[in-house]
Amino acid sequence: MSEAKWYILHTYSGYENKVASNILTVVENRGLQHVIEEVMVPTEKVVETNNGKTKEVELKLYPSYVYVKMVMTDESWYICRNTRGVTGFVGPGSKPIPLTEEEVNILGVTKTSSQATFKVGDLVSIKEGPLGGFEGHVTEVDLAGGNVTVAVSMFGRETPTTIEIAAVEKV
């Protein structure tokens with residue numbers, strides 16, 4: 001088991017993806033995958049309706065924050081802290097504080113594997129979210145990602161939407 005822990009970087013608004021990309025590039029170039037294991041910007045897919053048109057957009061769960069799973073060393077701290085767009089680590093003063101296991105679970109940093117009680121073609125009901133109460137047919141099940149794609153009938157048209165498995169139940 002590695003001693004890497006999750007830390008949170010604060011970034012300028014709109015720089016989250018660029019910061020994550022830049023850190024991963026430095027890690028790749030210097031061969032530091034053993035020090036900085038993972039960099040992510042938590043997002044969720046949401047269906048938006050604008051002027052009668054429905055589209056799926058990806059929204060950041062925590063704007064201006066980037067999650068980094070790393071072993072805290074002078075080098076890893078320096079790489080993260082001196083990446084363009086980073087304003088600092090979350091924590092008191094200049095000392096970064098790792099997330100506890102409980103915080104990691106609450107913030108949804110890591111996905112737990114999901115069990116689906118339905119399969120492609122089944123009729124399901126959406127329990128929560130903007131489409132709560134809608135029913136549709138399952139078109140795809142992604143157990144690894146914990147998501148299911150459901151074709152929901154809206155405005156007389158089938159609209160595919162991706163939802164967490166936990167937010168859907170078999171009818």
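Excluded from the calculations below are hydrogen atoms, water molecules and symmetry mates; all remaining heavy atoms, backbone and side chain alike, are included.
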Where [X] and [Y] come nearest, the two heavy atoms and their spacing:
X: Val171; Y: Ser125; answer: CG2-N, 3.6 Å
X: Val71; Y: Ser76; answer: O-OG, 2.8 Å
X: Thr11; Y: Glu16; answer: OG1-CG, 3.8 Å
X: Ser64; Y: Ser13; answer: OG-CA, 3.5 Å
X: Thr87; Y: Arg81; answer: O-NH2, 3.3 Å
X: Val168; Y: Lys127; answer: N-CE, 4.1 Å

For the [atom1] atom of [X] and the [atom2] atom of [Y], what is their distance to the nearest 0.5 Å?
X: Trp6; Y: Glu37; atom1: CH2; atom2: CD; value: 9.0 Å
X: Leu32; Y: Thr73; atom1: CG; atom2: OG1; value: 8.0 Å
X: Asp122; Y: Thr139; atom1: CG; atom2: OG1; value: 12.0 Å
X: Asp142; Y: Thr149; atom1: CG; atom2: OG1; value: 7.5 Å
X: Ile79; Y: Ile36; atom1: CD1; atom2: CD1; value: 4.5 Å
X: Tyr67; Y: Leu99; atom1: OH; atom2: CG; value: 7.0 Å

Beyond-backbone contact of [X] with [Y], side-chain heavy atoms, under 4.5 angstrom:
X: Glu164; Y: Asn147; answer: yes
X: Val152; Y: Ile126; answer: yes
X: Met72; Y: Pro98; answer: no
X: Glu28; Y: Gln33; answer: yes
X: Met154; Y: Leu131; answer: yes
X: Phe89; Y: Leu9; answer: yes
X: Val148; Y: Val150; answer: yes

Are more than 12 heavy atoms from other residues, nucleotides or ligands located less than 6.0 Å from atom [atom1] of [X]?
X: Glu169; atom1: CD; result: yes
X: Lys60; atom1: NZ; result: yes
X: Asp74; atom1: CG; result: no
X: Glu101; atom1: CD; result: no

(message) Are Val86 and Tyr12 connected into the same hydrophobic cluster when the rule is that any two of I, L, V, M, F, W, Y join if their side-chain heavy atoms are below 4.5 Å apart?
(response) yes
(message) Is there a path of hydrophobic side-chain contacts, each under 4.5 Å between heavy atoms of I/L/V/M/F/W/Y residues, joining Leu61 to Val90?
(response) yes
(request) Please check if the distance between the ring centroids of His10 and Tyr65 is under 6.0 Å. (result) yes
(request) Identify the residue among Val39, Val68, Asn29 that makes a side-chain contact (heavy atoms from CB on, under 4.5 Å) with Leu24. (result) Val39
